[in-house]
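All chains are named by letter (A, B, ...) in the order of the sequence lines, taking the proteins before the strands, and each is independently numbered beginning at 1. Worth knowing before you read on, the calculation uses all heavy atoms, side chains too, and leaves out hydrogens, waters and symmetry mates. None of these values were measured; they are calculated from a predicted model.
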Amino acid sequence: MKSIYRLKKNSQYNYVYKHAESVADKNIVMLYCKSHSNPTKVGFSVSKKFGKAVRRNRIRRQLKAAVSSVITQVANGYNVVFIPRCREEFVFDDLRQSVVKLFTKSGLMQ
RNA sequence: AGAGACAGUCGGACGGUUGCGUGGGGCAACUCACGAGGAAAGUCCGAACACCGCAGAGCAGAGUGCAGGCUAACGGCCUGUGGAGGCGACUUCAAGGAAAGUGCAACAGAAAUAUACCGCAGCGGCAACGCUGUAAGGGUGGAAAUGCAGGGUAAGAGCCUACAUACGUUUUGGUGACAACGCGUACAUGUAAACCCCACUCGGUGCAAGAAAUGAGAUAAAAUGCUUGCUCGGCAUCUCGACAAAUUCGCUUGACGCUAUCGGUAACGAUAGUGCUAGACAGAUAACCGUCUAAUACAGAACUCGGCUUACAGACUGAACUCUUGCA
RNA sequence: GCUACUAUGGCUCAGUCGGUAGAGCACGUCCUUGGUAAGGACGGGGUCACCGGUUCAAAUCCGGUUAGUAGCU
């Protein structure tokens with residue numbers, strides 16, 4: 001995923017947390033809000049409940065790969081934050097399906 | 001054959017599709033190279049480096065504590081000494097001072113740093129008991145005058161002797177810790193990871209340190225500031241300033257790794273050759289498959305090194321290592 | 001990344017310069033009342049987060065581990 005799609009500043013995250021609407025299923029919570037950024041920007045947040053750094057990194061990477069496969073089909077002008085829900089293990093296909101599901105549910109899919 | 005002890009190594013490899021970070025090439029499309037660990041972890045020590053209008057003195061405070069060596073330095077490492085453990089190979093120890101002083105030692109016990117309860121013996125007394133001597137025996141306790149044997153005695157006692165133990169000391173050996181032999185003494189317990197004494201070390205803060213460029217602005221006060229406390233001394237008087245946001249440097253060639261030779265018991269050092277091996281800033285090193293295989297452990301860099309501590313599936317190596325059993 | 005601190009009964013806390021762990025609330029039984037509350041009496045409940053060390057003796061002193069909290073950013 002290229003760096004233009006990424007959410008970078010702490011303040012941007014805070015803005016999303018304050019003003020966002022949320023969609024969720026059993027795997028992921030997705031927060032999104034409108035912004036002026038032209039390609040839609042995406043951020044990830046994995047909490048310390050998931051375990052130590054290796055495990056959190058793996059979950060973040062899987063999520064990142066799932067999102068980057070569909071990022072080109074998403075409408076412009078949004079900031080999005082993904083938060084995975086507490087699980088033992090994630091299967092990549094499940095993650096990908098729920099990402100697609102959440103995008104269509106929130107109406108961001110073109 | 002079984003059971004151990006010591007010192008180390010590795011801790012996945014290859015291929016496909018789609019991607020990410022840094023650097024190089026290219027106008028661009030694109031392409032080439034490299035891309036987590038032995039602990040990257042804990043942040044427990046030590047440095048390097050940077051800043052604090054030079055860090056000066058004293059007190060306070062903190063740390064270390066057998067000897068010699070190694071190291072940039074260390075609370076680290078090596079080799080020894082002494083104690084403890086093991087049949088042994090070997091392991092392990094915050095291992096200075098209790099005769100400088102102070103504190104503490106509950107309960108039990110007659111008595112806890114000082115003592116006579118029972119007992120033993122002598123004297124007095126009809127007796128009950130009293131006075132005196134005594135630490136061999138009793139019970140208490142973690143700790144009660146050195147343990148045991150013989151002599152000695154009214155009963156006893158290092159009071160005397162042999163052996164042992166502890167301390168001091170002459171000589172000899174060793175750089176030294178210390179050891180051996182001889183001589184003398186028996187000086188009333190433990191605790192310093194209680195205060196303390198002695199010797200040595202320590203200014204503070206940490207890359208979110210800081211530097212540069214751009215620079216909206218604020219301030220003109222006699223006191224304020226100078227980065228753990230207090231006192232003295234010294235210095236400065238123009239500076240402050242990135243705030244929910246932003247750039248470049250610091251940033252990776254280093255007390256570096258590997259190989260060989262030499263010196264050293266070793267830690268380590270010297271010389272020669274050779275290699276360049278992450279450098280991000282919401283933070284790359286991945287996602288999905290296939291083959292091999294025993295391949296599944298613990299675990300993810302954020303300024304950098306040297307250690308320590310903690311976690312760890314499995315695989316393997318070395319030195320004529322040790323013990324037990326069997327056979328020759 | 002850096003720096004401090006905490007862990008004691010079901011809950012909130014004392015005890016922290018060593019000597020066998022307490023208070024309040026809660027819980028149980030009894031008294032009191034026509035009954036309940038309040039009040040009174042008695043009682044139960046703790047490997048002092050975990051693992052080692054120093055000491056005769058550790059909640060306390062020293063080292064390590066695990067959770068959690070706060071601050072800088």
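Nucleotides B:C30 and B:A294 place their C1' atoms 44 Å apart, quoted to the nearest Å. When the C1' atom is used for both B:A144 and B:U189, the distance is 9 Å, rounded to whole Å. For the P atom pair drawn from B:U227 and B:G206, the interatomic distance equals 14 Å after rounding to whole Å. A gap of 12 Å separates the P atoms of C:A26 and C:G40, to the nearest Å. Across the C1' atoms, B:G88 and B:C200 are found 41 Å apart, a figure rounded to whole Å. Here, B:A105 and B:G204 have their P atoms 39 Å apart, quoted to the whole Å. B:C249 and B:C268 are spaced 38 Å apart, taking the C1' atom of each and rounding to whole Å. Going from the C1' atom of B:G75 to that of B:C45 covers 6 Å, rounded to whole Å.
Residue A:R60 is in sugar-phosphate contact alone, with no base atom involved, counting any heavy-atom pair closer than 4.0 Å across all strands shown.
When the side-chain hydrogen bond (donor to acceptor under 3.5 Å, both in side chains) test is applied to A:D25, no partner is found at least two apart in sequence or on another chain. Residues passing the ring pair (Phe, Tyr, Trp, His ring centres under 6.0 Å) test with A:F103 are A:F82, sequence neighbours excluded. With sequence neighbours excluded, no residue satisfies salt bridge (Lys or Arg N to Asp or Glu O under 4.0 Å) with A:K105. Judged as a side-chain contact (heavy atoms from CB on, under 4.5 Å), and not counting sequence neighbours, the contacts of A:V29 are A:A24, A:L31, A:I83, A:R85. With sequence neighbours left out, A:R61 forms a side-chain hydrogen bond (donor to acceptor under 3.5 Å, both in side chains) with no residue at all.
Atom CZ of A:R96 is separated from atom C1' of B:U18 by 10 Å (rounded to the nearest Å). Atom CZ in A:R56 sits about 19 Å away from atom P in B:A40, given to the nearest Å. Note: CZ (A:F92) to P (B:U18) measures 15 Å, nearest angstrom. Atom-to-atom, CG of A:D94 to C1' of B:A287 comes out at 15 Å; the value is rounded to the nearest Å.
Partner assigned to B:C292 is B:G12, using Watson-Crick or G-U wobble distances below 3.5 angstrom. The partner of B:A50 is B:U205, by the rule that a Watson-Crick or G-U pair needs both atom distances under 3.5 Å. The pairing partner recorded for B:G124 is B:C129, the criterion being a Watson-Crick or G-U wobble arrangement whose two distances lie under 3.5 angstrom. In a base pair of the Watson-Crick type (N1 to N3 plus N6-O4 or O6-N4) or a G-U wobble (N1-O2 and O6-N3), with each distance short of 3.5 Å, B:A111 is matched with no nucleotide. Nucleotide B:U140 has no partner under the Watson-Crick or G-U criteria, as no pair reaches both atom distances under 3.5 Å. Remark: B:C251 base-pairs with no nucleotide; criterion is Watson-Crick or G-U wobble with both hydrogen-bond distances under 3.5 Å. In this structure, B:A194 forms a base pair with B:U102, meeting either the Watson-Crick or the G-U wobble geometry with both donor-acceptor distances under 3.5 Å. As the counterpart of B:U71, no nucleotide is assigned, since no Watson-Crick or G-U wobble pattern has both distances under 3.5 Å.
Between atom CZ of residue A:R60 and atom CG of residue A:N57 there is a gap of 5.0 Å, rounded to the nearest 0.5 Å. With rounding to the nearest 0.5 angstrom, the CZ atom of A:R96 is 15.5 Å from the NZ atom of A:K101.
Classification of B:G109 as anti follows from a glycosidic angle more than 90° from 0. Nucleotide B:U277 is shown with a syn base, its glycosidic torsion being within 90° of 0. For C:A37, the O4'-C1' to base torsion is more than 90° from 0; the nucleotide is therefore anti. Taking the O4'-C1'-N9-C4 or O4'-C1'-N1-C2 dihedral as appropriate, B:G158 has a value within 90° of 0 and is therefore syn. Glycosidic conformation, B:G53: syn, with the torsion inside 90° of 0.
Residues A:V23 and A:Y32 are in side-chain contact: their nearest non-hydrogen atoms beyond the backbone lie under 4.5 Å apart.
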Please list, for nucleotides 295-300 of chain B, all pairs of protein and nucleotide N/O atoms separated by less than 3.5 Å.
residue, atom, partner, partner atom, Å
B:A299, OP1, A:K52, NZ, 3.4
B:G300, OP2, A:A53, N, 3.2
B:G300, N7, A:N57, ND2, 3.4
B:G300, O6, A:R61, NH1, 3.1

For nucleotides 311-313 of chain B, print each protein N/O atom paired with a nucleotide N/O atom at under 3.5 Å, atom names and distance only.
none

Next item on the list: Taking Watson-Crick and G-U wobble pairs with both distances under 3.5 Å, convert RNA chain C into its dot-bracket string, 5' to 3', dots for unpaired and | for cross-strand pairs.
Entry: (((((((..((((.....[..)))).(((((.......))))).....(((((..]....)))))))))))).

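The residue among A:A65 and A:G43 whose nearest nucleotide of RNA chain B lies closer to the 5′ end is A:G43.
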